[in-house]
K.L.:
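Please see the structure below; I have some questions.
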Amino acid sequence: MERLELNELRAGIDKLDREIIALLAERYKLTETVGEYKAKHGLHAQDPEREAQQFRKITALASQYGLEPERASQIYRLIMDLAIARHRELQASV
Ligand SMILES: C=C(O[C@@H]1C=C(C(=O)O)C=C[C@H]1O)C(=O)O
């Protein structure tokens, strides 16, 4: 691989990272609102039924886009765990 090609690949990565961060921030705002609703109504921070539904969707989407479903699941496990931790914080502050 030439140096120029490496730089082009990295520029592509930088562009995608900006989009990923923007989308994660948007997702975070939605989960924050869900967390506030749950805290207000005394609902559990974690919802295993919703998570099972999410993982079915995520693994199907990953296959569709050529990403290993197991990798996508690992990434989403972390994203969801962070949302759940935040929901627990919100519940503790009610
Ligand atoms: C956001 C929610 O809370 C938790 C986080 C989830 C997520 O990040 O997708 C899914 C289920 C819940 O364990 C929710 O219940 O919808």
Side-chain angles (χ1 to χ4, degrees):
M1 191 198 316
E2 298 300 323
R3 184 81 206 176
L4 181 66
E5 201 185 335
L6 174 64
N7 289 341
E8 281 171 6
L9 292 171
R10 285 182 173 169
I13 291 169
D14 289 346
K15 181 177 177 289
L16 288 177
D17 285 342
R18 197 171 307 119
E19 291 170 16
I20 289 168
I21 295 292
L23 291 172
L24 283 174
E26 216 175 298
R27 186 184 203 281
Y28 180 81
K29 282 180 200 146
L30 297 178
T31 57
E32 184 76 4
T33 309
V34 170
E36 286 163 4
Y37 176 90
K38 286 179 173 177
K40 192 173 164 194
H41 294 88
L43 300 173
H44 286 292
Q46 186 162 21
D47 183 338
E49 209 173 299
R50 168 69 177 156
E51 286 187 13
Q53 195 183 73
Q54 293 279 73
F55 279 111
R56 280 196 296 276
K57 175 192 70 187
I58 285 152
T59 51
L61 282 171
S63 299
Q64 191 183 321
Y65 283 98
L67 176 65
E68 264 179 53
E70 180 53 30
R71 262 181 227 273
S73 295
Q74 283 174 1
I75 293 166
Y76 266 85
R77 185 65 269 162
L78 179 61
I79 290 172
M80 288 186 202
D81 283 346
L82 292 171
I84 293 161
R86 177 61 186 150
H87 291 182
R88 293 203 171 111
E89 269 178 21
L90 289 168
Q91 287 183 340
S93 68
V94 172

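Keep in mind that the numbers below use all heavy atoms, side chains included, and drop hydrogens, waters and symmetry copies. Note that ligands are numbered from 1 as they come in the structure, with each ligand's atoms numbered from 1 the same way.
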K.L.:
For ligand 1, note which part of I84 has a heavy atom under 4.0 Å away: side chain, backbone, both or neither.
P.N.:
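It is the side chain that gets close, since no backbone atom is under 4.0 Å.
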K.L.:
Show which atoms of ligand 1 fall inside a sub-4.0 Å distance from at least one heavy-atom site of H87.
P.N.:
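Under 4.0 Å from H87, ligand 1 has these atoms: 1 (C), 2 (C), 3 (O).
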K.L.:
Out of A52, P48, A83, G35, whose heavy atom sits nearest atom 5 (C) of ligand 1?
P.N.:
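Minimum heavy-atom distance to atom 5 (C) of ligand 1 goes to A83.
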K.L.:
With distance as the sole test, does K38 use its side chain to make a donor-acceptor pair with the main-chain N or O of A45 at under 3.5 Å?
P.N.:
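Flag set: sc K38 to bb A45 pair under 3.5 Å.
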K.L.:
Tell me the protein heavy atom at minimum distance from atom 2 (C) of ligand 1, and give that distance in Å.
P.N.:
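So the nearest neighbour among protein heavy atoms is K38 NZ, 3.5 Å.
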K.L.:
Within the 4.0 Å heavy-atom shell around Q46, which atoms of ligand 1 are there?
P.N.:
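Every atom of ligand 1 under 4.0 Å from some heavy atom of Q46: 13 (O).
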K.L.:
Evaluate whether atom CD of E19 has more than 12 neighbouring non-hydrogen atoms of other residues, nucleotides or ligands under 6.0 angstrom away.
P.N.:
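Buried by this count: over 12 neighbours within 6.0 Å.
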K.L.:
Would E51 count as being in polar contact with ligand 1, using the rule that some N or O on each side must be under 3.5 angstrom apart?
P.N.:
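Yes: some nitrogen or oxygen of E51 is under 3.5 Å from one in ligand 1.
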K.L.:
If you measure from the Lys or Arg side-chain nitrogens to the Asp or Glu carboxylate oxygens, is any gap between K29 and E32 under 4.0 Å?
P.N.:
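Between E32 and K29 there is no salt bridge, as every charged N stays at least 4.0 Å from the carboxylate O atoms.
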K.L.:
Going by an N to O cut-off under 4.0 Å, is there a salt bridge joining E51 and R77?
P.N.:
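Yes, E51 and R77 are salt-bridged.
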K.L.:
With a 4.0 Å cut-off on N to O distance, would you call E36 and K40 a salt bridge?
P.N.:
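K40 and E36: not salt-bridged.
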K.L.:
Out of curiosity, Q74 CD to E68 CD, how far, rounded to the nearest 0.5 Å?
P.N.:
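Result: 9.0 Å between the selected atoms.
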K.L.:
Could you tell me whether R27 approaches ligand 1 through its side chain, its backbone, both or neither, with non-hydrogen atoms closer than 4.0 Å?
P.N.:
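The side chain, only.
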K.L.:
Using a strict 4.0 Å cut-off to heavy atoms of Q54, name the atoms of ligand 1 that fall inside it.
P.N.:
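Matching atoms, with element in brackets: 9 (O).
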K.L.:
When you look for heavy atoms under 4.0 Å from ligand 1, do you find them on the side chain of R50, its backbone, both, or neither?
P.N.:
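Side chain only.
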K.L.:
Spell out, as yes or no, whether a donor-acceptor pair under 3.5 Å connects the side chain of E70 to the backbone of T59.
P.N.:
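No, the answer is negative, given that no donor and acceptor are paired below the 3.5 Å cut-off.
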K.L.:
Tell me: protein heavy atom nearest atom 12 (C) of ligand 1, and distance?
P.N.:
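For this ligand atom, the closest protein heavy atom is D47 N, 3.5 Å.
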K.L.:
Just need the protein heavy atom nearest to atom 6 (C) of ligand 1, so name the residue and atom and give the distance.
P.N.:
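Here the nearest protein heavy atom works out to M80 CG, 4.0 Å.
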K.L.:
Could a heavy atom of V34 be found less than 4.0 Å from some atom of ligand 1?
P.N.:
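In this structure, V34 qualifies as a contact of ligand 1 - some heavy atom is under 4.0 Å.
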K.L.:
Is the number of heavy atoms from other residues, nucleotides or ligands under 6.0 Å of Q64 CD greater than 12?
P.N.:
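Yes - once you tally the heavy atoms of other residues, nucleotides and ligands closer than 6.0 Å, there are more than 12.
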